[in-house]
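Below is one structure; the comments refer to it alone.
Along the sequence shown, the residues carry numbers beginning at 1.
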Amino acid sequence: MLRRTYLKLMSTLAVAALVPFSAAFADMPATVDGPVTISFYNYNLASASAGADATKELLAAFKQKFPNITVETIAVPSNEIMSRVQADIVAGQQPDVAQLVFRDLIYIANDLGANALEDMVSPQELKDHLSGMIPQGLELGRVDGKTYGLAYTFSTPILYYNADLFRQAGLDPDAPPKTWADVKKAGEAIKQKTGKNGFFPGAYGPADGTFVYQAIVMSNGGKVRQGNTLTFADGDAADAVKMLRDMVDSGAHARIDVASPADTMASGNLGMFLYTSALYASLKKSAAGKFDLRVAAMPSFGDKPTAPTNSGSALFVLSKDPVKQRASYELLKFLTSREAYTIITSKIGYLPLRLDIVDDPKYLGEWVKQNPMIRPNLEQLNRLTPNVAFPGPNYRQVENMMMDAVRQAVFGSGDPIATLKTAEQAAQDLMP
């Protein structure tokens, strides 16, 4: 309770601190002509496994291109970075650029004072940079028609599977599951014939599981909210959770620690794992010489097309100084360029939002030839569906109540639909 009160107070103070800076951006210069220093809050830098070395390589390349711009980095874990940005704003240390996750999008745009790119640069300049980026990716960072966050490190759920366990269970590793019914059948076979865990989705984590859960729900035609009305306990959304519960009851879906399923997959003790494609490089390294790791597209509900949502982050410009705004925009442009996405995809594992570089030998062409397992993830981008953020000052609490209910519905002993409905009714009181 104290933590929630503190964060709410921080949010209120942050909004108040931003009021004097609501002027237009007409004074932003067209170029950076003199030395300028900007801050960059980044969570990839906080963990070697999340791409710290690749991010340092990107920033070094940016420094070569823009020697006048010094980027001071603030490395903060992803689950702490929003609180750090809020705290620094309140303390008068205005951040310039921040890598923040999509679940905070509405709050960042409406309450944190992020700058819409359309208000910073001319329509032509913005159009020139965004040209070639997939439209679905650009929509991820838009609120009320304006771009507040530019998609940066980005991924969708893919199905990792252990081909060795498939063989031991009498399954064909060259024909991975395509539907949830297939996943259930394969999971039961792996559990019964090998004694190992059959299947687990990274859909239950307190912070990073929401996008996988929403992808499953929306692939069944459900939604977690309609406007300001919560709907995660309704119809197709609830049926998707019930499907997961049914798999738990049958033994196909493992009962393992929801905070560390990736470790179970990496150890060779899990047959199938639905999670972010950004984990590919790490799992590939863990599996090398131990088991045959493969990937497939996200499973579907029968003939319904899947609706993969996004994890990862966007880049937001928070700077209020015109010169720093220009420097910040140059950093955004560079970090979402063709050259940058070549590094981001090949060395971190996130998807390239510029698909024209995938087969271009100047960029990702040779790497994709050597890593064909990225193809299933690229092919489902045309069905990309934005992860739904919640509005209002209580958005994090609403999301936490929803995810607590999902975990209880899937792993508990009570009626899963009733569990979701109770949570939905309670969380609705916190919606605007």
Ignoring hydrogens and angles, tell me if any N or O in the side chain of [X] forms a donor-acceptor pair with the backbone of [Y] under 3.5 Å.
X	Y	value
S131	K127	no
N42	L45	yes
S313	V101	no
Y161	P173	yes
S286	S282	yes
Q325	S319	yes
S300	D303	no
R255	F411	yes
R245	A240	no
S311	F211	no

Item to check | Those residues that, when tested against K421, pass salt bridge (Lys or Arg N to Asp or Glu O under 4.0 Å) (two or more places apart) | outcome: D234, E424
Checklist outcome for this item: Residue set satisfying salt bridge (Lys or Arg N to Asp or Glu O under 4.0 Å) with E366, at least two apart, ordered chain then number -> K369
Checklist entry - Going by the angle between their ring planes, with limits at 30° and 60°, are F154 and F102 parallel, tilted or perpendicular? => result perpendicular
Checklist entry - For the residue pair H253 and Y204, does the interplanar ring angle fall in the parallel (under 30°), tilted (30 to 60°) or perpendicular (over 60°) class? => result tilted
Give, for atom [atom1] of [X] and atom [atom2] of [Y], the distance between the pair rounded to the nearest 0.5 Å.
X	Y	atom1	atom2	result
I344	E57	CD1	CD	10.5 Å
S78	I81	OG	CD1	8.0 Å
L126	L117	CG	CG	6.0 Å
D111	Q86	CG	CD	9.5 Å
L58	I343	CG	CD1	4.5 Å

What's the shortest heavy-atom distance between [X] and [Y], and which atoms?
X	Y	result
M431	G227	CE-O, 4.4 Å
G145	E118	O-OE2, 4.2 Å
G141	L105	O-CD1, 3.8 Å
P201	L244	CG-CD2, 4.5 Å
I417	A238	CD1-CB, 3.5 Å
A405	T419	O-CG2, 3.7 Å

Is [Y] paired with [X] through a side-chain N to carboxylate O contact shorter than 4.0 Å?
X	Y	answer
K184	D182	no
D164	K290	no
K347	D53	no
E188	K191	no

Checklist entry - Do you know which of F273, F166, W180 makes ring-ring contact (aromatic ring centres under 6.0 Å, His included) with F199? => result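 Only one of F273, F166, W180 forms a ring-ring contact (aromatic ring centres under 6.0 Å, His included) with F199, namely W180.
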Distance-only side-chain donor-acceptor flag, [X] / [Y], under 3.5 Å:
X	Y	result
Q428	T229	no
Q168	T194	no
R142	T147	yes

Checklist entry - So does D172 have more than 12 non-hydrogen atoms from other groups sitting under 6.0 Å from CG? => result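 Result for CG/D172: enclosed.
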Checklist entry - Hey, is CD on Q408 packed in by over 12 heavy atoms from elsewhere, all under 6.0 Å? => result no
Who are the side chain to side chain contact (heavy atoms under 4.5 Å, CB included) partners of [X], not counting sequence neighbours?
X	result
P95	S39, Y41, V85, I89, L318
D128	Q124
T342	I357, Y363, L364
N269	K196, T264, S267

Checklist entry - Which residue, M265, R294, K284, forms the side-chain contact (heavy atoms from CB on, under 4.5 Å) with Y160? => result M265
Item to check | Residue pairs involving residues 330-341 (criterion side chain to side chain donor-acceptor pair (under 3.5 Å); sequence neighbours excluded) | outcome: H129-T336, R326-E330, S337-E339, R338-D356
Checklist entry - What do the steps show when you test F301 against D236 for side-chain contact (heavy atoms from CB on, under 4.5 Å), and what is the final call? => result CA-CA 11 Å; F301 287 85; D236 294 332; over 6 Å; no
Item to check | By ring-ring contact (aromatic ring centres under 6.0 Å, His included) - contacts of Y148 (at least two apart) | outcome: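 So Y148 forms no ring-ring contact (aromatic ring centres under 6.0 Å, His included) with any residue.
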Checklist entry - Could you go step by step and tell me if M82 and Y107 meet the side-chain contact (heavy atoms from CB on, under 4.5 Å) rule? => result CA-CA 10 Å; M82 174 57 77; Y107 172 77; 4.1 Å; yes
Next on the checklist: Suppose we screen for side chain to side chain donor-acceptor pair (under 3.5 Å). Which residues come up paired with D104, at least two apart in sequence or across chains?
Outcome noted: Y395, R396
Checklist entry - Can you name the residues that form a side chain to side chain donor-acceptor pair (under 3.5 Å) with R375, not counting sequence neighbours? => result D359
Checklist entry - Given M401 and L430, is the side-chain contact (heavy atoms from CB on, under 4.5 Å) satisfied, shown in steps? => result CA-CA 10 Å; M401 292 174 72; L430 299 177; 3.7 Å; yes
Under 3.5 Å, sequence neighbours excluded: what are the donor-acceptor pairs made by side chains of residues 379-386?
from: Q380; atom 1: OE1; to: M298; atom 2: N; distance (Å): 3.3
from: Q380; atom 1: NE2; to: T156; atom 2: OG1; distance (Å): 3.1
from: Q380; atom 1: NE2; to: P157; atom 2: O; distance (Å): 2.7
from: Q380; atom 1: NE2; to: N377; atom 2: OD1; distance (Å): 3.1
from: R383; atom 1: NE; to: T306; atom 2: O; distance (Å): 3.4
from: R383; atom 1: NE; to: T306; atom 2: OG1; distance (Å): 3.0
from: R383; atom 1: NH2; to: T306; atom 2: OG1; distance (Å): 3.1
from: T385; atom 1: OG1; to: R383; atom 2: O; distance (Å): 3.1

Identify each donor-acceptor pair in which a side-chain atom of residues 62-77 lies under 3.5 Å from a protein atom, sequence neighbours left out, and give them as a table.
from: K63; atom 1: NZ; to: P67; atom 2: O; distance (Å): 3.0
from: K63; atom 1: NZ; to: I69; atom 2: O; distance (Å): 3.2
from: K63; atom 1: NZ; to: T70; atom 2: OG1; distance (Å): 3.3

Checklist entry - Stepwise, does the side-chain contact (heavy atoms from CB on, under 4.5 Å) test hold for L335 with Y152? => result CA-CA 7 Å; L335 292 177; Y152 175 48; 3.8 Å; yes
